[in-house]
Peer 1: 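Pasting a structure below so you can have a look.
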There are 2 protein chains.
Amino acid sequence: MARERKFSREELYLETKELLLQHGYEGYTFTLLANQLDISRAAIYKYYDNKEELLSEYMLYELTNFLNELKKVSKEKTFSNQFHALFEFIFSDMSLYHLRDIGLQIPKVNKKVAENKKKISKIIVELYTSLQHFIDLGRSEKILREDIPTSLIIGMIFQTVNIPNTEKIPHDDWVKKIKDVICHGIFTE
Amino acid sequence: MARERKFSREELYLETKELLLQHGYEGYTFTLLANQLDISRAAIYKYYDNKEELLSEYMLYELTNFLNELKKVSKEKTFSNQFHALFEFIFSDMSLYHLRDIGLQIPKVNKKVAENKKKISKIIVELYTSLQHFIDLGRSEKILREDIPTSLIIGMIFQTVNIPNTEKIPHDDWVKKIKDVICHGIFTE
DNA sequence: CTTGAAAGTTACACTAGTGTCAATTATTAT
DNA sequence: ATAATAATTGACACTAGTGTAACTTTCAAG
């Protein structure tokens with residue numbers, strides 16, 4: 001029994017993502033967001049007290065989605081299948097690793113933000129556990145090396161996503177090459 | 001025949017680097033910089049018309065230094081020696097790759113900035129050429145794989161620097177492991 | 001068809017950063 | 001000493017973003 005909303009939460013999150021990647025944490029403003037969504041700035045304050053609150057909630061949403069996708073991946077039976085599935089989905093949205101850095105910058109300006117940050121930490125732990133299982137599987141199948149720290153293996157996978165494809169190699173080729181290098185290195189045998 | 005300067009260009013660049021890494025491009029302000037250097041904000045305007053000018057000049061300085069270091073590396077005779085020297089120096093200052101991204105964000109607000117950006121592009125070309133020679137040497141010595149694009153090899157080296165060492169593995173070990181993974185991959189043979 | 005609740009807007013006071021300029025300070029050659 | 005000059009400062013007007021409160025609009029339940 002009220003007026004129809006001019007913007008959905010999803011739309012708001014979508015624009016937020018764009019603006020965050022474009023302007024970074026400090027460059028992201030409600031003024032900018034309101035313009036993009038074609039609403040008045042004050043409307044946003046009906047839902048969020050400040051940008052920290054909005055952003056911590058957005059990060060929570062983004063990470064929750066990510067965790068769900070990751071859980072899908074872990075349904076694959078073999079390590080090899082999980083590995084390829086993981087790449088497929090990481091490369092479908094390459095911005096996540098960058099967004100994580102931004103998430104770390106959010107200061108706890110109030111109780112709600114502090115709570116969200118706590119929830120985010122919890123999700124990150126879950127993410128890490130899930131990835132740990134993935135790595136363990138690879139090791140138990142004697143595919144992954146035992147002498148490389150887990151955090152390094154995970155880091156390699158997530159960082160390489162961000163290597164700029166300056167030579168404009170077709171996406172599928174590019175992904176294949178990156179996988180290859182991660183698995184076998186840049187040296188000849 | 002004048003008053004002594006309260007801050008050197010080097011000090012200014014040093015603080016600029018800190019602030020840039022801490023606050024990002026949009027969060028970097030003259031107000032912040034002046035406070036850090038313990039001078040008045042207006043003093044900065046005697047040397048730079050605006051932050052774009054300062055930052056483009058700073059980037060130029062940083063990249064020029066980087067290029068010089070890289071040239072030193074390329075004096076090594078064998079690929080292997082160059083490879084280890086390159087790692088040593090990249091890991092001595094892990095922030096460069098991140099700074100490069102920031103450099104790209106500077107808008108050409110006036111002629112001087114546009115000129116600096118042109119110079120920066122030139123240095124980046126030189127950097128790339130120098131790295132290309134390095135890769136070529138590795139290939140001619142049959143150490144580097146022929147089937148991996150140059151930009152991917154270079155990207156791997158520079159991106160992996162940023163993998164967070166969450167397990168707090170001692171620096172030397174960490175660097176050794178990263179090198180190992182880049183060279184031979186995460187898979188068992 | 002009216003009323004009240006949710007959605008949205010307009011307006012205001014406030015804060016932080018910008019760019020400029022006249023005034024002040026410190027140094028040194030004479 | 002002191003004049004010349006470069007370095008620095010304080011003060012001003014301006015812009016962009018923030019957070020709040022009073023208001024208007026929309027819509028559907030009674």
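Reminder, nothing fancy here: chain letters follow the sequence lines and each chain counts from 1.
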Peer 1: If the condition is side chain to side chain donor-acceptor pair (under 3.5 Å), which residues does B/Glu126 pass it with, not counting sequence neighbours?
Peer 2: none
Peer 1: Just the rounded figure in Å: distance from C1' of C/dT18 to CG of B/Leu32.
Peer 2: 14 Å
Peer 1: Whole angstroms only, please: what is the CD-P distance between A/Glu26 and D/dT18?
Peer 2: 12 Å
Peer 1: Rounded to whole angstroms, how far apart are CZ on B/Phe30 and P on C/dT20?
Peer 2: 11 Å
Peer 1: Are there any protein N/O atoms within less than 3.5 Å of an N/O atom in nucleotides 8-12 of chain D, and if so, which ones and at what distance?
Peer 2:
| residue | atom | partner | partner atom | Å |
| --- | --- | --- | --- | --- |
| D/dT8 | OP1 | B/Lys6 | N | 2.1 |
| D/dT8 | OP2 | B/Tyr47 | OH | 3.1 |
| D/dT8 | O4 | B/Lys46 | NZ | 2.6 |
| D/dT9 | OP1 | B/Lys6 | NZ | 2.7 |
| D/dT9 | OP2 | B/Ser40 | N | 2.5 |
| D/dT9 | OP2 | B/Ser40 | OG | 3.0 |

Peer 1: For residues 171-188 of chain A, pull every pair meeting side chain to side chain donor-acceptor pair (under 3.5 Å), keeping only residues two or more places apart or in separate chains.
Peer 2: A/His84-A/Lys179, A/Asp180-A/His184, A/Asp180-B/Arg145
Peer 1: Scan the side chains in residues 150-159 of chain B for donor-acceptor partners under 3.5 Å anywhere in the protein, sequence neighbours excluded, and list what turns up.
Peer 2:
| residue | atom | partner | partner atom | Å |
| --- | --- | --- | --- | --- |
| B/Thr150 | OG1 | B/Arg139 | NH1 | 3.4 |
| B/Ser151 | OG | A/Glu167 | OE2 | 2.8 |
| B/Gln159 | NE2 | A/Asn162 | O | 3.3 |

Peer 1: Compute the ring centroids of A/Phe83 and B/Phe187, then answer whether they are less than 6.0 Å apart.
Peer 2: yes
Peer 1: Using atom CG of B/Asn110 as one end and atom P of C/dG19 as the other, report the distance to the nearest whole Å.
Peer 2: 10 Å
Peer 1: Respond yes when some side-chain nitrogen or oxygen of A/Thr29 is under 4.0 Å from OP1 or OP2 of D/dA16, and no when none is.
Peer 2: no
Peer 1: Tell me which donor-acceptor pairs under 3.5 Å the side chains of residues 106-115 of chain B have, and how far apart each pair is, sequence neighbours excluded?
Peer 2:
| residue | atom | partner | partner atom | Å |
| --- | --- | --- | --- | --- |
| B/Asn110 | OD1 | B/Lys112 | N | 3.0 |
| B/Asn110 | OD1 | B/Val113 | N | 2.9 |
| B/Asn110 | ND2 | B/Glu53 | OE1 | 3.0 |

Peer 1: I need the residues from residues 8-25 of chain B with at least one non-hydrogen atom less than 4.0 Å from DNA chain C; give them sorted by number, or say none.
Peer 2: none
Peer 1: Answer yes or no: is there a donor N or O on one side and an acceptor on the other, between the side chain of A/Ser130 and the main chain of A/Leu127, under 3.5 Å?
Peer 2: no
Peer 1: Let me check something: do B/Phe7 and B/Leu20 share a hydrophobic cluster, defined by ILVMFWY side-chain heavy atoms less than 4.5 Å apart, either directly or through other members?
Peer 2: yes
Peer 1: Between B/Tyr61 and B/Glu10, do the side chains contain a donor N or O and an acceptor N or O under 3.5 Å apart?
Peer 2: yes
Peer 1: Using whole Å, what does the distance between atom P of nucleotide D/dA7 and atom CG of B/Leu37 come to?
Peer 2: 16 Å
Peer 1: Starting at atom CG of B/Asn50, determine the distance to atom P of D/dT15, rounded to an integer number of angstrom.
Peer 2: 17 Å
Peer 1: Send over the distance from B/Tyr45 OH to D/dA7 P, rounded to a whole Å.
Peer 2: 18 Å
Peer 1: Would you give the length of the straight line joining atom OG1 of A/Thr64 to atom NZ of A/Lys122, rounded to the nearest 0.5 angstrom?
Peer 2: 11.0 Å
